[in-house]
*Asks:* 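For reference, the structure I am asking about is given below.
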Amino acid sequence: MLKIEGLEAEIEGKQILRGLNLEVKPGEIHAIMGPNGSGKSTLASVLAGREDYEVTAGSVDFLGKDLLDLAPEERAGEGVFLAFQYPVEIPGVSNINFIKTAVNEVREYRGLPAMETKEFMSHLKEKQKLVKLSGKLANRSVNEGFSGGEKKRNEIFQMAMLEPKLGVLDETDSGLDIDALRIVANGVNELKSNDNAFVVVTHYQRLLDYIVPDFVHVLYDGKIVKTGSKELALELEDKGYDWIIEEFEKKS
Amino acid sequence: MATLTLNDKDRFLINQEGQDFSHEAKTFIKIRELALKNLKELDFPSKKLEDWKYTNVREVSKTEFRPQSAINIIDEKISAHKIPNLNAYVLVFVNGFFAPKYSNTIEQKESGFIITNLNKAKKDFIKLVEPHLGFQTRAKDQFFVNLNSAFSQDGGFIYVKPNVQLDKPIHIINLVDGDLVASYPRNLIIAEKCSEVQVIVSYETIDSNSALSNVINEVVVGEGANVKLDKIQNENLNTFHVGADFAKQQKNSVFTINTIPANAKLIRNNLNIILDGTNSVANLYGAVCLNGNIHVDNQTYVDHAKPNCESNELYKAVLNDSATNVFNGKIYVNKIAQKTNAFQSNANIILSDNASSNAKPQLEIYADDVKCSHGCTIGQFDDEALFYLRSRGMRESTAQKVLLDAFIGEVLDNIKTEPVREYVDELIAENFNSLN
Ligand SMILES: Nc1ncnc2c1ncn2[C@@H]1O[C@H](COP(=O)(O)OP(=O)(O)O)[C@@H](O)[C@H]1O
Ligand SMILES: [Mg+2]
């Protein structure tokens, strides 16, 4: 579904990704871990199409299309969804109008008719329930005045509404208490199917107790330096990243 | 040998003459004569004047505008300028002249209010008109105010008796039809003690290759009264629009004005509010959404003359193409006006390299126990927000429109009448349908 090869990217002239390879198949969950500043959010942003980043080498194939060639909205239409590490507050845009506009634009892109209000509302209620997002938030401005947990649940809610094929979650677990973490994880597990896939960026192994990954990757210095099974996450929790970094630096 | 040399202003003024006002009562003729005298002494506004630094009306002085009544008014052409679904009393003026056929006047003595044309009121309700007409517009130095005072053909007259609340709003439609038209509509709105009224004044064009709309709205807000004025400026791109609004508030009153300059070649508005009674509130809102080469200049002046009053001022502008915007907001707090709360905010979003905005807040505060604040921002759409919206599948144009609606919505939310809001939304959307 997603094939990243030799990806290099820079921001403001500073190289961040340095030849990253990753392949994700339908039905899989990949966890990406790594120390702060290693490039995890950069990878997520490059996949979503943030224009501040310049891709200088490599390729990203998504379901047979050159992802890097598409505008952010086209990527969303194709089925890429990024749950932001820092969801953006947009004063004056109500959450419900925002998601309705997004849903219908994505549907238009996918060649589907706009949703009738009734259908949309029942869909909305169902997905709000999935992440225990209060209906009251619907009429508030997007993310404005939301608690940290509400913002993250709002991201998963949007993901549920947009039905992506690839969900990229950038530290959705950071700053969440255990209840909120369960809600977020439960949301992802409900959405999970044999046709879609998730890339879950996290610092903590505790999320992976709830979202069980098929693969765990360590991202360091702009590359994936180690890949393992879910046990790798436990080992990282135990021993930290230093041993991997040493191992990697010895090799190179 | 003496030669008489006429300058542009002289020629311009001569072109305005020739209307016969001799049938008017002396008291009203005096207003015209005084204004004419002022005009003779004043220079035509030019960039040399501080107030006119950014707005060039030289072309007005050089164009042969003259008052002229419209010929052949066609029903459909008038009704096209009504606001769809708006249930309102309607007064229509074409080129400044009253069009009774399209207007609903209310003139019965036993009614709680009077809605008619000013010329009629000058005859039939002279006692109501006389104390107020021209009272707020006496400023000697305002060329265009004097111009209207001297040559105004007619306008709306609205009088609301004490404690009366109008059952529906009043819509005054001012249209221009024909070439080289000088139109001088002038409305007088009087809300007596504890009355309530909402007036929508719109300015539009039937058909014209060149026009000058020089307008005045004079509002008297009685004690405890609540007056709302929505001013929609939607003339064609051949029109110079220079207008002034005046409101005088007595104690415990509320006055709210929404100014929506949407289309013309040039729009200049001078809004003057005097809080002349304690515990009064003035709300000044402006939404300036421009494309093309339109130039809009809003000058506002709030005079806190009495203690314990509040003024809330919010003007926002979105500028595309080569549109230019000027905002000059002055707040004056008299030394006796303690406990004044005066807020002013001006925010601009510039969408194109050729668009520009010029803002100048001016606070003059002579009382010591006051809360005043002002803020001004000029910027672009927030890139983070744009990316967030696009990452959810919205096209860039949709994302921009969503942000635009949110930005300007903060101002437009003060238009509480749904059909008016829809009408304004439509105008603004048209100005931005070129967003790509
Ligand atoms: N806008 C930016 N300008 C310059 N450097 C940046 C910018 N954003 C991120 N970086 C740098 O890129 C590196 C990777 O950041 P990021 O991808 O956010 O890491 P992670 O998500 O793994 O913590 C860091 O060194 C960070 O300082
Ligand atoms: Mg990060």
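Note on naming: letters A, B, ... go to the chains in the order of the sequence lines (proteins, then strands), and numbering restarts at 1 for each one. Just so you know, these numbers come straight off a predicted model, no measurement behind them. Keep in mind that the numbers below use all heavy atoms, side chains included, and drop hydrogens, waters and symmetry copies.
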*Asks:* Are there residues of residues 134-161 of chain A whose heavy atoms fall under 4.5 Å of chain B's heavy atoms? If so, which?
*Replies:*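 Near chain B, by residue number: V142(A), N143(A), E155(A), Q158(A).
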*Asks:* Counting only heavy atoms not in K228(B), do more than 12 sit closer than 6.0 Å to its NZ atom?
*Replies:*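 No.
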*Asks:* Within a reach of under 6.0 Å around NZ of K129(A), are more than 12 heavy atoms found that belong to other residues, nucleotides or ligands?
*Replies:*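 No, because the 6.0 Å sphere around NZ of K129(A) holds 12 heavy atoms or fewer from other groups.
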*Asks:* E78(A) versus chain B, heavy atoms under 4.5 Å apart: side chain, backbone, both or neither?
*Replies:*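 Contact with chain B involves no heavy atom of E78(A) at all.
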*Asks:* Stepwise, does the side-chain contact (heavy atoms from CB on, under 4.5 Å) test hold for E384(B) with Y86(A)?
*Replies:* CA-CA 10 Å; E384(B) 289 289 310; Y86(A) 304 108; over 6 Å; no
*Asks:* Could you tell me which portion of R50(A) (side chain, backbone, both or neither) has an atom closer than 4.5 angstrom to a non-hydrogen atom of chain B?
*Replies:*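 Interface part for R50(A): both.
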*Asks:* Between E74(A) and R395(B), is there a salt bridge with N-O shorter than 4.0 Å?
*Replies:*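 No, this pair does not count.
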*Asks:* Could you tell me the separation between the OG1 atom of T101(A) and the CE atom of M394(B), rounded to the nearest 0.5 Å?
*Replies:*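 Here the rounded value is 5.0 Å.
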*Asks:* Heavy-atom distance under 4.5 Å to chain A: side chain of E410(B), backbone, both or neither?
*Replies:*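 The answer is neither part of E410(B).
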*Asks:* What part of Y109(A) gets closer than 4.5 Å to chain B, counting heavy atoms only: side chain, backbone, both or neither?
*Replies:*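 Answer is neither: Y109(A) stays 4.5 Å or more from chain B.
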*Asks:* I'd like to know which of P72(A), A76(A), P164(A) tops the heavy-atom pair count under 4.5 Å against chain B.
*Replies:*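 Top count of heavy-atom pairs under 4.5 Å with chain B: P72(A).
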*Asks:* A quick test of your reading: do over 12 heavy atoms of other residues, nucleotides or ligands sit less than 6.0 Å from CG of D353(B)?
*Replies:*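 It does not: D353(B) CG has 12 such atoms or fewer within range.
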*Asks:* Please confirm whether F84(A) and F387(B) have ring centers closer than 6.0 angstrom.
*Replies:*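 Centroid distance F84(A)-F387(B): below 6.0 Å, so yes.
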*Asks:* Find the distance between CG (L162(A)) and OG (S391(B)) and round it off to the nearest 0.5 Å.
*Replies:* 9.0 Å
*Asks:* If you draw a 6.0 Å radius around CD in E116(A), do more than 12 non-hydrogen atoms from other residues or ligands fall strictly inside?
*Replies:* no
*Asks:* Looking only at non-hydrogen atoms, find the nearest pair between A71(A) and R390(B) and report the distance.
*Replies:*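 Scanning both residues, the minimum pair turns out to be CB-NH2, 3.7 Å.
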*Asks:* Only heavy atoms, only distances under 4.5 angstrom. Which residues in residues 88-100 of chain A are near chain B?
*Replies:* V88(A), I90(A), P91(A), G92(A), V93(A), F98(A)
